[in-house]
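Below are the structure tokens for one structure; questions will follow.
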Amino acid sequence: MAENPQRAQRPRPLSPFVTIYHWPVTMATSITHRFTGIGLAGGLVVLVWWLVAIASGPEAFNQFTSLAATPLGQVILFLIVWSGSFHLLNGIRHLAWDMGFGFAKATAINNSIIVIAGSIVLAAAFFAAAYTGHGGYYQ
């Protein structure tokens with residue numbers, strides 16, 4: 001069977017690559033929900049470490065707080081708090097979906113944006129409360 005010479009010279013079509021594919025915000029929130037669930041599992045390890053340090057006495061607690069006070073420790077704590085905030089708000093959105101609300105495309109996009117913005121604001125509010133002493137953290 002003879003092959004068509006025009007067909008052999010045409011480049012093959014390529015699948016969209018991650019860098020050129022446009023991720024809808026609803027897909028991004030779905031993937032982020034999974035990652036924040038994993039992040040919360042890691043955050044649980046940090047929480048247990050903190051509780052064990054409290055129960056172990058002042059030396060262990062001071063070691064934990066000295067690590068948590070570093071810039072990297074603050075970033076890790078913020079990411080844990082943000083993961084919890086995002087997971088909470090997105091979970092509320094999923095509960096609304098389970099009840100049959102919010103499936104229209106425009107509504108789902110708007111709710112995704114609200115979840116992202118709300119999670120950042122909520123995490124920043126928790127950190128602001130802790131830094132101003134309203135959470136009992138610096139008293």
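Keep in mind the model is a prediction, meaning the values are calculated, not measured. Numbers here simply count residues along the sequence, with the first being 1.
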- Query: Which atom pair, heavy atoms only, marks the closest approach of Ala60 to Ala53?
  - Reply: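 Scanning both residues, the minimum pair turns out to be O-CB, 3.6 Å.
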
- Query: Quick one: do Ile54 and Leu77 end up in the same hydrophobic cluster if we chain Ile, Leu, Val, Met, Phe, Trp and Tyr together by side-chain heavy atoms under 4.5 Å apart?
  - Reply: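 Linked, Ile54 and Leu77 end up in one cluster.
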
- Verify same cluster id: Met27, Ile114 (apolar side-chain graph, 4.5 Å): no

- Task: Spell out, as yes or no, whether a donor-acceptor pair under 3.5 Å connects the side chain of Trp50 to the backbone of Phe64.
- Result: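 No, Trp50 side chain to Phe64 backbone: no donor-acceptor pair under 3.5 Å.
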
- Message: In this structure, would Leu79 and Ile120 fall into the same cluster of hydrophobic residues linked by side-chain contacts under 4.5 Å?
- Response: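 Per the 4.5 Å side-chain linkage, Leu79 and Ile120 are not co-clustered.
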
- Item | Point-to-point distance, once rounded to the nearest 0.5 Å, from CD1 of Ile76 to CG of Leu67 |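 The CG atom of Leu67 is 9.5 Å from CD1 of Ile76, to the nearest 0.5 Å.
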
- Note on the structure: Here the side chain to side chain donor-acceptor pair (under 3.5 Å) pairs for residues 116-130, sequence neighbours left out, are Trp82-Ser119

- Message: Let's go through Ile116 and Val25 carefully: what are the C-alpha distance in whole Å and the side-chain angles of both, what is the deciding distance for side-chain contact (heavy atoms from CB on, under 4.5 Å) to 0.1 Å, and is it a yes or a no?
- Response: CA-CA 9 Å; Ile116 292 167; Val25 69; 3.8 Å; yes

- Taking side chain as C-beta onward, heavy atoms only, is Arg93 less than 4.5 Å from Ser112?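 SC-SC contact between Arg93 and Ser112 confirmed.
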
- Message: Once rounded to the nearest 0.5 Å, what's the spacing between atom CG of Asn111 and atom NE2 of His94?
- Response: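 Here the rounded value is 11.0 Å.
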
- Task: Over all heavy atoms of both residues, which pair between Ser83 and Thr36 is shortest? Give the atoms and the distance, please.
- Result: O-CB, 3.8 Å

- Message: Would you compute the distance between atom CD1 of Ile92 and atom NE2 of His87 and round it to the nearest 0.5 angstrom?
- Response: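 Separation between the atoms: 11.5 Å.
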
- Message: Determine whether a donor-acceptor pair (N or O, by modelled atom type, separation under 3.5 Å) exists between the side chain of Ser30 and the backbone of Thr26.
- Response: no

- Message: How long is the straight-line distance from CZ of Phe61 back to CG of Leu51, given to the nearest 0.5 Å?
- Response: 10.5 Å

- Query: Under a single-linkage definition using a 4.5 Å side-chain heavy-atom cutoff for Ile, Leu, Val, Met, Phe, Trp and Tyr, are Leu88 and Phe101 assigned to the same hydrophobic cluster?
  - Reply: no

- Query: Does Leu40 reach the side chain of Phe86, with side-chain heavy atoms less than 4.5 Å apart?
  - Reply: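 Contact flag for Leu40/Phe86 side chains = no.
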
- Please check if Trp49 and Leu72 belong to a single hydrophobic cluster, counting links between Ile, Leu, Val, Met, Phe, Trp and Tyr side chain heavy atoms closer than 4.5 Å. yes

- Please report the shortest heavy-atom distance between Ser85 and Ala123, naming the atom on each side.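 Looking at all heavy atoms of both residues, the shortest contact is OG-N, 3.7 Å.
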
- Query: NE2/His33 to CD1/Ile31 distance, rounded to the nearest 0.5 angstrom?
  - Reply: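 Reported value, rounded in 0.5 Å steps: 12.5 Å.
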
- Note: Thr29 and Asn90 closest approach over all heavy atoms is O-ND2, 3.7 Å

- Task: Find the distance between OG1 (Thr107) and NZ (Lys105) and round it off to the nearest 0.5 Å.
- Result: 12.0 Å

- Item | Whether over 12 other heavy atoms sit under 6.0 Å from Phe35 CZ |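 Not more than 12 within 6.0 Å, no.
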
- Query: So, for Thr70 and Ser66, which heavy atoms are closest and what is the spacing to 0.1 Å?
  - Reply: CG2-O, 3.4 Å

- Query: Near Phe127 CZ, under 6.0 Å, is it more than 12 heavy atoms from other residues, nucleotides or ligands?
  - Reply: yes

